[in-house]
Amino acid sequence: MASSSVRIKIALAILVASVVAVGCTPGGSVSQATAPPAPAVTGVPDTGPITLTVWDQESGQVSKVWDQLNAEFEQKYPNVTIKRVNRDFGELKTLLALAMSGPHGPDVVEANQGWPDMGHLVKAGLLLPLDNYAQAYGWTSRVSPNVLRVSSWSPDGKEFGTGSLYGYTTMGEIVGVYYNKQILSELGLTVPTTFGEFEQDLEAAKQAGQIPIQFANNDAFPGIHEFATIQDQIAPTSYLTDLIFGTQRDQLSFDTPENTQAATTLQDWANKGYFTPGFGGAGYDDSVSNFANGEGLFMITGNWIVANLGADNTNFGFFPLPPADPGDPPVATGGAGFPLAIAAGSEQPDAAAAYIDWMTSDHASDLLLPTGEIPLHNGKTPTVQPGTVLADVVDAARTVSDANGVVPYEDWATPTFYDTLTSSIQELMVNRLTPDQFVQNVEADYKDFQTSRP
Amino acid sequence: MNTSSRTTVVVNYALLTICALVAIYPLVGVFLASLYPTGPGSQPSGFSLPPTFAWHNYVTAWEQGKFASSFQTSFFVAALMVPASVVLSVVAGYAFATMRFRGSQIIFWLFILGLIIPTEATIVPLYYDVKAMGLLDTSWALIILETSGEVAFGIFWMRAAFIAAPKSLLEAARIDGANSWQTLWRVMVPFARPAILTLTVLCFADSWNEFFLALVFTINKTTAPAGLASFSGRYTQDIALVSAGAVIVAIPILIVFIFFQREFLRGMLTGAVKG
Amino acid sequence: MEIRPEVVRGAVASVDARRRWTRGGRKQERLPGEARRIAYLYIAPAFILYAAFNLVPLVQGVNISFYNWDGITPGTWAGLSNYTDFFTDPLIRQGYVHVLQLMLFYAFLPIVLGLFLAALLSRIRIRGLTAFRLVLFLPLVITDVATAVAWTWVYDVNGPLSTFLRAVGLGSLVPAQGWLGSFNTALPAVGVFGLWGAFGFCLILFLAGVMKIPASLYEAARVDGANAIHEFFAVTLPGLRYELQVVLVLSLIDTLGTFDEIYVMTSGGPGTATSVPAYLVWRRMFQTSQVGSAAALGITLMLIIFAVTYAANKLMDRWGDDE
């Protein structure tokens with residue numbers, strides 16, 4: 001190295017600079033996005049050419065419907081051009097905040113609900129409160145309060161499930177069990193009505209050399225659906241909802257006997273070989289095609305694969321995972337789908353709001369229904385062909401919703417929950433964690449967050 | 001040391017060939033995989049040739065991966081970063097090599113320090129600094145950051161190159177009444193042309209291959225490697241398509257390498273291989 | 001690429017600059033002319049840019065690392081807790097353990113292989129060496145995002161590796177979850193990728209170095225009755241000391257900064273089986289909003305790199321002094 005005197009000089013310089021810099025606390029006050037005034041007229045303002053940049057994560061059939069809806073919107077408002085940026089789910093999660101902070105930010109985004117995504121964006125002042133638009137367009141009366149609740153935040157981003165509205169959607173989701181009718185009848189089984197029956201069916205399928213549950217977890221998120229679906233049948237619904245919204249701060253713990261039991265069940269199923277062999281390294285999209293091609297008796301996933309199976313398909317059915325006791329109300333993970341939100345940096349908020357209204361209209365939901373998107377409009381009964389997989393899905397959604405058994409997605413519960421849950425579940429399912437270690441791992445994250453909340 | 005018995009020669013060439021094959025096989029493999037038909041149900045297989053040569057995959061990959069845009073950004077960034085890095089390095093390296101001035105040692109060591117400071121140590125504050133400057137998601141952010149990272153090495157490199165210049169050259173220029181600026185551009189630069197060319201080539205490679213910075217600082221205006229990462233993340237199931245994307249991104253740097261291999265090798269081996 | 005050129009040259013530069021400055025006094029060259037103030041003007045543009053975007057952020061980074069910060073709202077003072085996390089946070093420990101394991105593949109194995117092969121191959125004159133060099137350098141020169149994608153295919157359940165194993169009857173070795181999806185094979189798989197990238201460079205480097213060793217040394221050894229192995233340890237290895245030092249330091253440093261291939265091939269998974277410090281930095285910055293911790297991780301990484309560089313250089317010097 002250089003001579004010691006030079007070294008000392010450099011070290012001193014750095015020390016001095018550090019001491020000077022240490023006085024500065026990083027981060028400043030964030031200007032919360034102010035709600036734009038209610039528009040005098042709804043619809044896109046006729047103020048010359050407008051470009052709306054829209055970020056979404058749709059794929060497959062739904063994506064094609066979006067193309068159509070976008071084209072129709074451009075026809076309706078000829079001065080509008082829609083620039084659509086399509087990214088996948090994982091990317092949208094990590095890159096949305098970055099995208100919205102730069103100079104070329106989007107106007108409308110699909111922002112996932114929950115602490116990791118929407119909560120973070122609200123806190124950073126990156127989303128516009130939509131209350132005035134909701135009033136002008138009548139959004140609040142179109143859907144049930146639950147749908148609005150999951151997109152509501154206090155303007156400083158500190159409270160979830162209350163405050164202003166930051167996202168809107170009229171499409172719903174549900175996670176449950178798809179089944180292959182042909183395989184089911186070949187095995188001499190009927191649709192299970194209790195959890196115990198379901199487990200028996202799994203064993204029967206295994207014995208007969210079928211894949212009981214088609215599953216692939218390389219993408220990490222499918223694991224959440226498997227775990228949550230089991231957990232929904234064991235842990236009380238009100239507990240789960242409170243846990244996710246964080247209404248009781250650190251009074252609630254993830255480390256409960258019910259959650260441990262759910263983890264044990266999931267691990268048992270994996271050890272008994274109920275899931276597709278090699279699920280850890282296989283991709284979700286592949287597993288969906290495999291299931292559609294007849295590999296697997298059951299598949300536990302959400303309404304969105306109706307598009308892959310074909311809405312008219314009568315060879316597949318759907319039911320919410322049955323509760324432990326027959327006669328208990330059905331519980332399932334789901335609720336509001338991906339909401340649309342307006343970026344605080346948008347120069348065309350009024351046009352953006354009109355776009356959101358269009359994408360959540362009855363017309364849009366009619367077009368989206370065949371892809372498996374469940375319309376949540378009050379009083380709207382979608383027309384479906386009975387006996388098809390789509391009919392089953394819509395039915396199940398309505399039944400669960402009527403019974404108030406909808407549990408939001410668990411990964412919404414803390415800013416790091418998606419990461420913690422996905423990796424812990426991956427480890428749980430290959431026996432790298434015991435069920436006890438699993439719940440403790442997850443609880444550490446949950447407690448960390450709840451105790452750090454102001 | 002020429003114990004060239006036939007077996008030794010044969011064995012040696014065989015060894016080298018094996019090494020070369022191992023080095024090249026994954027690249028050949030991905031090229032072959034890219035020619036399989038895309039879409040569901042098309043499974044490229046490890047060792048057989050594709051049934052037909054689906055060259056069309058490259059067009060599809062180009063469009064789906066939005067490589068037109070990311071290539072444009074990559075070239076733009078390189079077009080500005082390389083000249084900037086080289087010029088700054090030449091000028092500063094010249095000063096270090098031919099002039100005495102107070103603090104030259106300290107300043108030089110500060111630059112050397114930059115060679116060992118990993119990007120990870122400064123990326124966090126840099127992100128917020130760039131954001132505060134309103135340069136997030138712009139090519140300028142990449143140009144500035146890549147240049148500032150490159151000059152540390154560039155200065156070392158050019159200083160070494162200029163020091164190797166015979167004193168007589170400098171003396172002659174002095175006698176001719178040239179000032180330092182003229183000496184630099186009329187005498188030293190022509191002398192150090194090979195070194196400058198090497199530096200240019202290396203700067204281009206660094207810029208083209210830069211991924212981490214592109215990932216952190218850009219999203220719409222992103223470069224080829226980041227575009228590829230995004231593309232491969234979205235189409236993981238379509239191996240043929242993703243492979244085509246990888247080949248597309250590899251081609252420019254491959255071409256530069258083939259044409260400038262001497263410079264590459266000199267740059268990467270010099271300093272380590274000294275008498 | 002896992003051996004980033006700038007790091008290669010960085011290590012080269014640091015070792016080389018050191019030699020230059022310390023050989024025979026503080027400065028070995030007498031530069032012509034009197035002290036030149038104009039030098040500052042020449043240096044200024046580069047230095048200002050460099051200081052603004054490398055040195056200043058370093059200090060800022062140190063500052064941020066003392067806070068718990070989500071990147072948005074004002075941070076809260078954390079003192080040294082982000083640094084003590086190095087000892088208490090299992091995720092951080094795990095990341096460093098992983099790069100330690102990767103060092104086997106990214107540094108030691110390529111060096112050993114390169115040395116061994118260079119020693120073997122140096123005994124004859126090789127024709128067409130240029131062509132071989134071209135091919136052997138490819139893994140390092142081509143964008144590592146692209147080569148990582150290529151290796152994702154190699155590791156595919158139906159890719160070349162698995163197909164080959166099945167063809168020779170070793171199909172049972174292919175892990176059920178895939179090479180990159182299985183907890184036990186994911187990290188070694190990334191390691192082999194690194195080995196592939198580095199060994200060509202090591203081989204060429206050592207080969208070039210060996211060819212600079214004077215034949216007289218070998219003859220002298222042979223006269224003393226040394227066989228091939230003795231020759232290697234007595235002549236070849238010491239003759240390559242400088243190259244060895246450079247490559248060792250640079251590859252160790254480079255391993256510590258591994259990021260690109262982790263992002264492309266495994267995203268730190270499955271679970272956290274392939275997480276590495278650089279990836280943790282990125283994650284904490286963007287996914288979990290633990291910005292203060294990310295900054296501390298970056299600074300710690302830098303300190304470790306300093307330590308490794310210093311230790312490796314010292315060790316190599318010690319070895320040289322023993323000669």
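Order of the sequence lines sets the chain letters (A, B, ...), proteins ahead of strands, with each chain counted from 1.
- Taking the centre of each ring, B:Y127 and C:F286 come in below the 6.0 Å mark.
- Residues C:T152 and B:S232 are not in side-chain contact: their nearest non-hydrogen atoms beyond the backbone lie 4.5 Å or more apart.
- To the nearest 0.5 Å, the span separating OG1 on C:T300 from CD on B:E120 amounts to 12.0 Å.
- Checked against the 6.0 Å centroid threshold, C:Y263 and B:F212 do not count as a close aromatic pair.
- Looking at C:I38 and B:S180, their side chains come closer than 4.5 Å, going by heavy atoms from C-beta outward.
- Of all heavy-atom pairs spanning C:N54 and B:T122, the tightest one is O-CG2, 3.5 Å.
- Taking CZ from C:R133 and CZ from B:R262, the interatomic distance works out to 11.0 Å, rounded to the nearest 0.5 Å.
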As a quick check of understanding, evaluate side-chain contact (heavy atoms from CB on, under 4.5 Å) for B:I155 and C:F47, giving each step before the final call.
CA-CA 10 Å; B:I155 287 175; C:F47 187 74; over 6 Å; no
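- For chain C, the option among B:I258, B:V216, B:L21, B:V247 with the highest count of heavy-atom pairs below 4.5 Å is B:V216.
- Remark: C:F53 CZ to B:L126 CG distance equals 7.5 Å, nearest 0.5 Å.
- No close placement of the C:F137 and B:F264 rings is indicated, their centers lying 6.0 Å or farther apart.
- Among C:L120, C:L297, C:V154, C:L129, the residue making the largest number of heavy-atom pairs under 4.5 Å with chain B is C:L120.
- Using a 4.5 Å cut-off between heavy atoms, C:V291 contacts chain B through both its backbone and its side chain.
- The two residues C:A39 and B:A95 make their nearest non-hydrogen contact at O-CB, 4.0 Å.
- Contact tally against chain C (heavy-atom pairs below 4.5 Å) for B:A121, B:A92, B:A246: the top residue is B:A121.
- Between C:Y40 and B:F101, the ring planes lie perpendicular to each other; the angle is over 60°, past the 30° to 60° tilted range.
- Annotation: side chain of C:V145 is not in contact with side chain of B:V249 (no heavy-atom distance under 4.5 Å).
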side-chain contact (heavy atoms from CB on, under 4.5 Å) between B:V124 and C:R284, worked out:
CA-CA 10 Å; B:V124 171; C:R284 290 187 176 207; over 6 Å; no
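- The heavy-atom pair separating B:Y94 from C:Y42 by the smallest distance is CD2-CE2, 3.8 Å.
- With a 4.5 angstrom heavy-atom cutoff, B:A226 does not touch chain C via any of its atoms.
- Only the side chain of C:L203 comes within contact range of chain B, with heavy atoms under 4.5 Å apart.
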Residues B:N209, C:I142; criterion side-chain contact (heavy atoms from CB on, under 4.5 Å); working and verdict
CA-CA 8 Å; B:N209 291 340; C:I142 296 184; over 6 Å; no
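- Interatomic distance, B:Q261 CD to C:L134 CG, rounded to the nearest 0.5 Å: 4.5 Å.
- Side-chain atoms of B:Y25 and C:W196, non-hydrogen and from C-beta on, never get closer than 4.5 Å to each other.
- Heavy-atom minimum distance, B:A23 versus C:L136: CB-CD2, 4.1 Å.
- Ring pair B:Y128/C:W69: centre-to-centre distance below 6.0 Å.
- With respect to chain C, the highest number of heavy-atom pairs below 4.5 Å among B:I107, B:L265, B:T147 belongs to B:L265.
- Minimum interatomic distance between B:L215 and C:W282 (heavy atoms only, all atoms of both residues): CD2-NE1, 3.6 Å.
- For chain C, the option among B:I24, B:L228, B:V151 with the highest count of heavy-atom pairs below 4.5 Å is B:L228.
- Top candidate by heavy-atom pairs under 4.5 Å with chain C, chosen from B:I123, B:I248, B:L16, is B:L16.
- Here the straight-line distance linking atom CG of B:L27 with atom CG of C:L138 works out to 6.0 Å at 0.5 Å rounding.
- Side-chain atoms of C:Y50 never come within 3.5 Å of backbone atoms of B:E150 as a donor-acceptor pair (strictly under, hydrogens ignored).
- Going from atom OG1 of B:T119 over to atom CE of C:M302 covers 12.0 Å, rounded to the nearest 0.5 Å.
- For the pair C:F199/B:C19, a side-chain contact is recorded, criterion being any heavy-atom separation below 4.5 Å from C-beta on.
- B:T17 touches chain C through backbone and side chain together, each having a heavy atom under 4.5 Å away.
- Only the side chain of B:L15 comes within contact range of chain C, with at least one heavy atom under 4.5 Å from a heavy atom of that chain.
- Here the closest heavy-atom approach between residue C:P57 and residue B:D129 is recorded as CG-OD2, 4.3 Å.
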